[in-house]
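First comes the structure, then the notes that go with it.
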Amino acid sequence: TVRHAYPVDGDMTEVLNHILETPPVRPDSIRAARRDEAGGTTISAPIGHEVETIVLKALAKERERRYQAAGELARDLRHFLAGEPIDAKRDSHWYILKKTIRRYRAAASAAAIIFAVVLGSAVALGVMYHRQSLLLEEVTRQQQLATDAEARASERFEDVRKLARSFIFELNPMISRLPGSTRAQAFIVEKALDYLDRLAAVGEMSQELKNDISAAYFTIGDIQFDPDEDSLGQPAASLESYHKGLKLLTELTGPEPTDMAYLNTHWLVNVRMSKIYASTGQLDEARQHEQRAIDVAERMHALDPTDSRASSNLGYVRGLQANRLRSQRQFDEALAMYKEAAVLEATADKEPLSDHRRHGIAQKHGEIGQVLTQLGRTEDALVEYRKSLDGLAGLVEDHPHNARFLNDLAICHERVSFLLQALDRPEEALEHLKTSAGLSESLLRVESRNLPARANYMSAQCRLGEIHLALGDATAAQTC
């Protein structure tokens, strides 16, 4: 061979230590040099595994692993040469590993520690990752459940909201004009206020919801008190509802909106609040809201003179200004203002007039009739009152159960009778008074708390008695 089985460099002590402790070089790594007779070079021929096994057993450090006698070594060599199985066995991988660890104990210990740390870290990271994955799955599941629950809650809320809208905005208008509807309206108010107050207390809400809640408060305020028609007779509660709705509306639109729909709502709210304050004797507050309504109406008309709402609203506030002038006994100025209001009301709609516009025009004719009466122009006043009668009669014909139209028609008949009596036409006056009393009496049969109807009925009865006496019919006068 060209190499030794052990390192032989150094002094004798080192050589002996290598022989005693260092494993021999594996024969497979030692090559026998042979001369290639044809080319004159050397080549290395590998040593077979069986020869290597025999050599390594002969050089084994442990006595029990070596051949116990030269005969055993010779027997394995003969087996090998004869091509028979040898008795020597190659060292197992486990044995080689143990021997290596024993030889390099310090390095092996360090490697084992590093391996243990790496393995432990890997296991810990694996456990943490698994737990994190489970936690993430749970969080995702909870988020999905929350999303589903929110969607279901939102869907249920929309259902409830639609029901409430129908309950407040659709059901009440169907019954509000009907005689005998007071108890039903009281029920609507009680349930609706509880619902609205709980919604308003939530704080954050969408613009659409805020608009719905404010509109609902205004509707409830109308049911609680309306000085122009039958209501629950609760002015303080009505003002409270209006203030709640106005607060939400202002938050929604700002103090000076430019949108015509929002401007129209501001106008209507201030008009109604002015009328409620005036009916309870709070005149300063009434004038403040009246002036706000005038300002909004003029602003609407300036923004778009062709808008029907702007024309109608301006016509209405011109009527309010005419009322103020009349109260100050400026009758000519009031008459001019009433006529302007009537023109604005009549031209507000290009299409056939709505019931609201028809009612407004009829009222304006009646108000013009009042001013003409105060100016002593009785015949002209009668003409205007008859126009008012025609308009109101048409509304009652179309809506025979509308309490407000019926009340206004009864009042107009009584005023016409007053003018006819002043013109010395008592028979005609008597017929109008009878019609007025009959209209009010029919309302009181089904709506005993209708105060305007009761006042109209009592006034008509008194006037009937006066006319019967003037006609010399004392018996008829006693029945009034």
Side-chain angles (χ1 to χ4, degrees), residues 153-202 205 208-249 265 268-269 271-273 275-277 279-280 355-356 359 395-396 398-408 410 439-457:
S154 178
E155 184 177 352
R156 285 194 290 269
F157 173 76
E158 285 301 319
D159 291 340
V160 173
R161 182 178 168 189
K162 290 177 182 177
L163 178 61
R165 284 177 61 86
S166 298
F167 194 61
I168 297 171
F169 296 109
E170 297 175 14
L171 176 60
N172 180 68
M174 292 179 184
I175 67 172
S176 62
R177 307 292 187 186
L178 298 178
S181 63
T182 303
R183 291 182 63 184
Q185 289 180 305
F187 176 79
I188 291 176
V189 167
E190 178 185 358
K191 298 302 180 183
L193 278 178
D194 178 64
Y195 170 74
L196 293 174
D197 288 343
R198 282 189 287 111
L199 276 182
V202 171
M205 64 182 77
E208 183 182 4
L209 179 59
K210 189 174 291 187
N211 185 63
D212 283 354
I213 295 176
S214 65
Y217 272 126
F218 299 146
T219 300
I220 295 303
D222 290 341
I223 301 173
Q224 290 170 318
F225 184 74
D226 189 335
D228 294 329
E229 59 184 273
D230 187 40
S231 64
L232 298 180
Q234 302 170 354
S238 176
L239 285 171
E240 183 180 358
S241 296
Y242 263 101
H243 278 294
K244 290 177 181 178
L246 186 58
K247 178 177 180 292
L248 291 172
L249 179 64
T265 303
L268 184 59
V269 169
V271 165
R272 289 178 176 172
M273 293 182 73
K275 294 169 76 172
I276 297 171
Y277 275 120
S279 68
T280 58
D355 292 339
H356 175 72
H359 185 250
L395 287 169
V396 169
D398 294 339
H399 306 280
H401 301 296
N402 187 302
R404 183 175 184 179
F405 295 162
L406 287 168
N407 266 325
D408 288 350
L439 290 169
S440 298
E441 186 178 17
S442 65
L443 275 175
L444 288 172
R445 287 196 191 101
V446 292
E447 190 65 70
S448 60
R449 294 177 59 185
N450 192 316
L451 298 181
R454 182 172 296 278
N456 295 343
Y457 179 73

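Counting begins at 1 with the first residue of the sequence. Below, all heavy atoms of this structure are taken into account, side chains as well, without hydrogens, waters or symmetry copies.
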Give me the atom names and distance for the closest heavy-atom approach of Ala403 to Leu443. O-CD1, 3.9 Å
Can Asp197 and Lys244 be said to form a salt bridge (charged side-chain N to carboxylate O under 4.0 Å, His left out), step by step? CA-CA 9 Å; Asp197 288 343; Lys244 290 177 181 178; 3.2 Å; yes
Are Leu395 and Asn402 close enough that some pair of their side-chain heavy atoms sits under 4.5 Å apart? no
Between Ser241 and Leu193, is the side-chain contact (heavy atoms from CB on, under 4.5 Å) condition met? List the steps. CA-CA 9 Å; Ser241 296; Leu193 278 178; 3.9 Å; yes
Do Met273 and His243 make a side-chain contact, defined as non-hydrogen atoms from C-beta onward lying under 4.5 Å apart? yes
With a 4.5 Å heavy-atom cut-off, do Tyr195 and Lys191 have their side chains touching? no
Students often mix this up, so state it plainly: with edges at 30° and 60°, are the rings of Tyr242 and Phe218 parallel, tilted or perpendicular? parallel
Under 3.5 Å donor-acceptor, Ser238 side chain and Gly221 backbone: yes
4.5 Å side-chain heavy-atom contact, Asn456 and Asn407: yes
Derivation and outcome, side-chain contact (heavy atoms from CB on, under 4.5 Å), residues His359 and Arg404: CA-CA 10 Å; His359 185 250; Arg404 183 175 184 179; 3.5 Å; yes
Answer yes if the side chains of Tyr217 and Asp212 hold a donor-acceptor pair under 3.5 Å, and no otherwise. no
On a heavy-atom basis, which atom in Pro235 and which in Ile276 lie closest, and how many Å separate them? O-CG2, 3.9 Å
Ile213 vs Glu208, test: side-chain contact (heavy atoms from CB on, under 4.5 Å). Steps then yes/no. CA-CA 9 Å; Ile213 295 176; Glu208 183 182 4; over 6 Å; no
Interatomic distance, CG@Leu239 vs OG1@Thr280, rounded to 0.5 Å, equals 6.0 Å
Report yes if some heavy atom in the side chain of Phe405 is under 4.5 Å from a heavy atom in the side chain of Pro400; otherwise report no. no
Nearest 0.5 Å, please: how far is CG in Leu439 from CG in Leu444? 11.0 Å
Is any side-chain heavy atom of Leu199 less than 4.5 Å from a side-chain heavy atom of Lys210? no
Does the side-chain contact (heavy atoms from CB on, under 4.5 Å) test come out yes or no for Ser440 and Arg454, once each step is laid out? CA-CA 7 Å; Ser440 298; Arg454 182 172 296 278; over 6 Å; no
Indicate yes or no: at least one non-hydrogen side-chain atom of Leu232 is less than 4.5 angstrom from one of Phe225. no
Do the side chains of Ile223 and Gln234 get nearer than 4.5 Å, heavy atoms only? no
